[in-house]
Amino acid sequence: MPEIWLPYGEVEVVLATGSENLGSIVESKLSGISQQEINLKPYKNIIIDGRDMSKVVLQKYLGTVSAQADSPTPAIRTVTVDGVDVNIPPNLSDNTLLVGTTRVDPMYGFLGPHSLVAKELGLDMEVWRRKDGGLHAVNEDNGVWFSKRLLESCDADALFYFDLTKPPIYGQALKVYEELLNIYKVNNLPQKQSKFAIISAGGSPHDDTLSDALAVAHSIIGYLAEDSELIIVAQMKDGLGSPALRGLVEGKKFKTAAGEQYRSGVEGVAALVELKATAKVHLVSALPSAYADRLGVRLFSSLRDAFKAVQEAHRGRFKANIIKNASIYHSKKLVQGASGTG
């Protein structure tokens, strides 16, 4: 009997089932990552995405770096990006290192130096209102273009990683963005294939929150057939991950269409709404059951139980297509569903 192991937090969970119940299995493969030796120069300013794992990665490569000698602090600069006057603070000028994790993301295309700069400047809302084509991973739309222009104004370096098992991407921030984009472009899944999909959000740090897991799941929405079944394997040790998802759990309603007024994390609510319009969503997670009930998804404590529930609902007619690490894949939906309200 085959055993399929999927990342879950910092461990793995297993699905053991007969081969007659399995369709395709997408392995966790990345190509195009250079095996460069990382030698960080001294930096005056370091900006981290706030994840515990990012601090571990930074410490690994900063261990032999000496502090930079004092230099004059640059003044605040004001640049105009697509009609918006943006104040670039000193810590985003010269001698700055941006550090964070990277994964697919339907708002920013993927997480990278461009998304970290936009968040550091508090300009998520400007990205959101330019998402006129809706949410799509690995798509350089007007919102992503705006964040890329912000990055061009900062003259920083960047160090971004997929997980602790793979070498990070390091260099001038704009070049890191381009290298990541090229990597993601080749990891394109087919459209509208699966009536039953099981995906791992990729383990920590990509499944630390519900917001992370929804971003990953939405990024492969084109892989799902209409009225399909989707099991998301994600630990979510840090809970919901955004004020908007918290508001949804508390029963609040607000518009989630891209371009509407932005609320922190509303893209996660929009991702959930669109996923639920396409598939029945099931979570294998440590999230509290009360949260799942209010979000309108079904929660399971084990992958075996979730798999069994779907199989019984369809009398074993659906074969499971499995993506072992969905954080590096994307599949664009041909016809974008309406976002509605949360």
Side-chain angles (χ1 to χ4, degrees), residues 7-12 28 30 33-68 89-105 107-108 110-122 124 147 150-151 154-173 175-177 179-180 183 200-213 215-216 234-243 245 264-265 268 286 325 327-328:
Y8 179 85
E10 296 183 1
V11 296
E12 292 182 316
S28 304
L30 277 175
I33 300 180
S34 59
Q35 301 290 325
Q36 61 178 336
E37 183 178 353
I38 306 295
N39 293 307
L40 296 186
K41 67 180 185 181
Y43 289 96
K44 185 174 183 180
N45 307 301
I46 297 176
I47 296 175
I48 307 181
D49 66 358
R51 297 176 186 269
D52 292 339
M53 193 173 290
S54 298
K55 298 173 185 176
V56 172
V57 170
L58 177 62
Q59 184 60 42
K60 176 180 179 179
Y61 293 100
L62 268 185
T64 59
V65 175
S66 58
Q68 186 188 54
N91 70 330
L92 272 175
S93 296
D94 297 331
N95 304 317
T96 297
L97 178 66
L98 308 170
V99 180
T101 188
T102 180
R103 60 155 169 76
V104 286
D105 186 79
M107 181 166 166
Y108 282 97
F110 55 89
L111 296 187
H114 61 305
S115 60
L116 184 53
V117 164
K119 292 178 183 297
E120 182 73 11
L121 293 171
D124 279 332
S147 66
L150 294 175
L151 182 64
C154 294
D155 194 28
D157 287 347
L159 178 77
F160 273 75
Y161 65 95
F162 294 91
D163 58 48
L164 293 181
T165 68
K166 301 176 184 67
I169 310 296
Y170 169 64
Q172 199 279 328
K175 291 183 179 179
V176 169
Y177 169 89
E179 187 168 348
L180 290 172
I183 291 170
S200 165
S204 186
H206 310 303
D207 72 349
D208 287 351
T209 69
L210 175 62
S211 180
D212 287 319
V216 171
Q235 187 179 46
M236 306 179 200
K237 66 181 180 65
D238 294 331
L240 297 171
S242 81
L245 286 169
S264 180
N325 180 1
S327 71
I328 58 177

| Partners of S54 by side chain to side chain donor-acceptor pair (under 3.5 Å), sequence neighbours excluded? | D49, Y161

| Distance-only, no hydrogens or angles: does the H206 side chain make a donor-acceptor pair with backbone N or O of V104 under 3.5 Å? | no

| said: Would you say that Y170 contacts V176 through its side chain, given a criterion of any heavy-atom pair below 4.5 Å between the two side chains? | reply: no

| said: Suppose we screen for side chain to side chain donor-acceptor pair (under 3.5 Å). Which residues come up paired with T101, at least two apart in sequence or across chains? | reply: none

| S327: partners by side chain to side chain donor-acceptor pair (under 3.5 Å), with sequence neighbours left out | N325

| query | Under the side chain to side chain donor-acceptor pair (under 3.5 Å) test, which residues partner Y8, sequence neighbours left out? | reply | none

| field | Pairwise distance CD1(I183) to OG1(T102) - rounded to 0.5 angstrom | value | 8.0 Å

| note | d(I48 CD1, L58 CG) to nearest 0.5 Å is 4.5 Å

| note | Across all chains, not counting sequence neighbours, the salt bridge (Lys or Arg N to Asp or Glu O under 4.0 Å) partners of D105 are R103

| request: Enter the distance from N95:CG to D157:CG here, rounded to the nearest 0.5 Å. | output: 9.0 Å

| Does D124 reach the side chain of M107, with side-chain heavy atoms less than 4.5 Å apart? | yes

| Smallest separation among heavy atoms of F162 and K166, with atom names | CB-CD, 4.1 Å

| query | If we only count heavy atoms from C-beta on, is the T96 to L98 side-chain gap below 4.5 Å? | reply | yes

| said: Under a 3.5 Å distance rule, please check whether S200 uses its side chain to pair with a backbone N or O of P7 as donor and acceptor. | reply: yes

| request: Could you walk me through whether D208 and D52 pass side-chain contact (heavy atoms from CB on, under 4.5 Å), step by step? | output: CA-CA 10 Å; D208 287 351; D52 292 339; over 6 Å; no

| Sequence-distant partners of K175, salt bridge (Lys or Arg N to Asp or Glu O under 4.0 Å), two or more places apart | none

Expected list for residues 110-120: side-chain donor-acceptor pairs under 3.5 angstrom, two or more places apart:
unit_1	atom_1	unit_2	atom_2	d
H114	NE2	Y108	O	2.9
H114	NE2	F110	O	3.1
S115	OG	G112	N	3.0
S115	OG	G112	O	2.9

| note | The salt bridge (Lys or Arg N to Asp or Glu O under 4.0 Å) partners of D238 (sequence neighbours excluded) come to none

| field | Contacts of type salt bridge (Lys or Arg N to Asp or Glu O under 4.0 Å), residue D155, not counting sequence neighbours | value | none

| task | State, yes or no, whether a side-chain contact exists between D212 and R51 at a heavy-atom distance under 4.5 Å. | result | yes

| field | Sequence-distant partners of L164, side chain to side chain contact (heavy atoms under 4.5 Å, CB included), two or more places apart | value | M53, V57

| In this structure, are over 12 heavy atoms from other groups packed under 6.0 Å from E12 atom CD? | yes

| message | Is there a side-chain contact between S242 and T209 in this structure, where contact means two heavy atoms from C-beta onward sitting under 4.5 Å apart? | response | no

| remark: The reported gap from CD1 in I328 to CG in L30 (rounded to nearest 0.5 angstrom) is 4.0 Å

| request: Check whether any side-chain N or O of D207 sits under 3.5 Å from a backbone N or O of G9 as a donor-acceptor pair, and report yes or no. | output: yes

| task | Of all the heavy-atom pairs spanning M236 and A213, show the shortest one and how long it is. | result | CE-CB, 3.9 Å

| query | Which distance, rounded to the nearest 0.5 Å, do you find between the CG of L159 and the OH of Y43? | reply | 8.5 Å

